[in-house]
Amino acid sequence: QVQLVESGGGLVQAGGSLRLSCVVSGRSGSNYGMGWFRQAPGKEREFVACISWSGGSTDYSDSVKGRFTISRDNAKNTVYLQMNSLKPEDTAVYYCAAVRSAFLYRVQRLYDYWGQGTQVTVSS
């Protein structure tokens with residue numbers, strides 16, 4: 001059984017930064033590909049970023065590329081999302097997800113486990 005817990009969300013001014021964390025627990029938790037997704041009010045949940053289990057491969061949505069960085073520290077069983085140059089349109093609940101695959105996936109239905117989410121609010 002794999003469990004994911006996100007933290008680090010909050011209120012930040014436009015142009016500011018936040019770092020989200022996702023702690024992974026459970027059997028073989030460090031061998032999962034990981035992804036970040038977000039859902040704004042009235043919108044469908046969308047892909048943000050993903051990273052392979054080794055950390056050697058990453059992928060980003062066009063809307064966050066160059067501003068967000070996904071990373072992982074398997075010794076700490078933790079995945080991070082560093083968010084810089086935040087915009088009001090980044091406001092959403094951010095979710096961490098895990099997939100039992102060596103591949104990188106943008107599609108949320110392919111992920112096997114999900115956290116409860118953490119709220120990020122960017123004010124203008």
Side-chain angles (χ1 to χ4, degrees):
Q1 191 74 33
V2 175
Q3 294 182 332
L4 312 177
V5 180
E6 304 98 331
S7 63
L11 176 64
V12 65
Q13 188 177 3
S17 299
L18 285 173
R19 189 179 74 164
L20 305 183
S21 299
C22 175
V23 178
V24 183
S25 63
R27 193 172 185 176
S28 300
S30 64
N31 293 326
Y32 287 82
M34 303 296 299
W36 285 98
F37 297 79
R38 67 187 183 186
Q39 187 169 27
K43 302 286 186 64
E44 294 184 344
R45 188 158 57 188
E46 65 177 359
F47 168 78
V48 176
C50 60
I51 188 168
S52 63
W53 70 267
S54 68
S57 298
T58 59
D59 193 20
Y60 300 90
S61 69
D62 290 340
S63 63
V64 307
K65 188 172 295 184
R67 299 188 297 122
F68 291 9
T69 302
I70 188 171
S71 62
R72 68 191 301 166
D73 185 343
N74 289 341
K76 297 180 179 179
N77 299 313
T78 303
V79 179
Y80 304 98
L81 184 68
Q82 178 67 46
M83 305 184 296
N84 298 327
S85 301
L86 283 163
K87 306 173 181 179
E89 51 263 44
D90 294 319
T91 295
V93 177
Y94 283 71
Y95 297 90
C96 179
V99 56
R100 299 188 302 269
S101 176
F103 302 136
L104 297 178
Y105 294 123
R106 290 170 169 252
V107 182
Q108 66 179 36
R109 66 178 175 83
L110 300 178
Y111 284 77
D112 300 297
Y113 302 98
W114 292 83
Q116 294 300 306
T118 185
Q119 176 71 48
V120 172
T121 303
V122 184
S123 65
S124 58

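Of the options Gln119, Arg38, Gln39, a side chain to side chain donor-acceptor pair (under 3.5 Å) to Tyr94 is made by Arg38 and by none of the others.
Under a 3.5 Å cut-off, the side chain of Glu6 and the backbone N or O of Cys96 do form a donor-acceptor pair.
Of all the heavy atoms in Val122 and Thr91, the pair that sits closest is N-OG1, 2.9 Å. Taking every heavy atom of both residues into account, Ala49 and Tyr60 meet most closely at CB-CD2, 3.6 Å. Between Ser61 and Arg106, the shortest heavy-atom contact is CA-NH1, 4.2 Å. Shortest non-hydrogen contact noted between Gly55 and Arg72 is N-CD, 4.0 Å.
Distance CZ/Phe68 to CG/Leu20: 8.0 Å, rounded to 0.5 Å. Here Ile70 contributes atom CD1 and Ser57 contributes atom OG; the two are 11.5 Å apart, rounded to the nearest 0.5 Å. Here CZ of Arg109 is found 13.5 Å from CZ of Arg45. Values are rounded to the nearest 0.5 Å. Taking CH2 of Trp53 as the reference point, atom CG of Asn74 lies at 7.5 Å (rounded to 0.5 Å).
Contacts of Arg19 classified as salt bridge (Lys or Arg N to Asp or Glu O under 4.0 Å), with partners at least two apart in sequence or in another chain: none. Take Ser7 and apply the side chain to side chain contact (heavy atoms under 4.5 Å, CB included) test, not counting sequence neighbours, and it matches Ser21.
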Contacts under 3.5 angstrom, residues 80-89 side chains, donor-acceptor by atom type, not counting sequence neighbours:
| unit_1 | atom_1 | unit_2 | atom_2 | d |
| --- | --- | --- | --- | --- |
| Gln82 | NE2 | Asn84 | OD1 | 3.0 |
| Asn84 | OD1 | Ser17 | OG | 2.9 |

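When the side chains of ILVMFWY residues are joined at heavy-atom separations under 4.5 Å, either directly or via intervening members, Leu4 and Leu104 end up in two distinct hydrophobic clusters. Under a hydrophobic-cluster definition in which Ile, Leu, Val, Met, Phe, Trp and Tyr are linked whenever side-chain heavy atoms come within less than 4.5 Å, directly or via other members, Tyr32 and Val23 are assigned to different clusters.
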Derivation and outcome, side chain to side chain contact (heavy atoms under 4.5 Å, CB included), residues Arg67 and Asp90: CA-CA 11 Å; Arg67 299 188 297 122; Asp90 294 319; 2.8 Å; yes
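Counting only residues at least two apart or in different chains, salt bridge (charged side-chain N to carboxylate O under 4.0 Å, His left out) contacts with residues 114-124 are absent. Listed by first and then second residue, the disulfide (SG to SG under 2.5 Å) pairs that reach into residues 48-89 come to none, sequence neighbours excluded.
The shortest distance between side-chain heavy atoms of Met34 and Val24 falls below 4.5 Å.
Under a 4.5 Å side-chain heavy-atom cut-off, the cluster of Ile, Leu, Val, Met, Phe, Trp and Tyr residues that includes Trp114 is completed by Phe37, Phe47, Val93, Tyr95, Val99, Phe103, Tyr105, Val107, Leu110, Tyr111.
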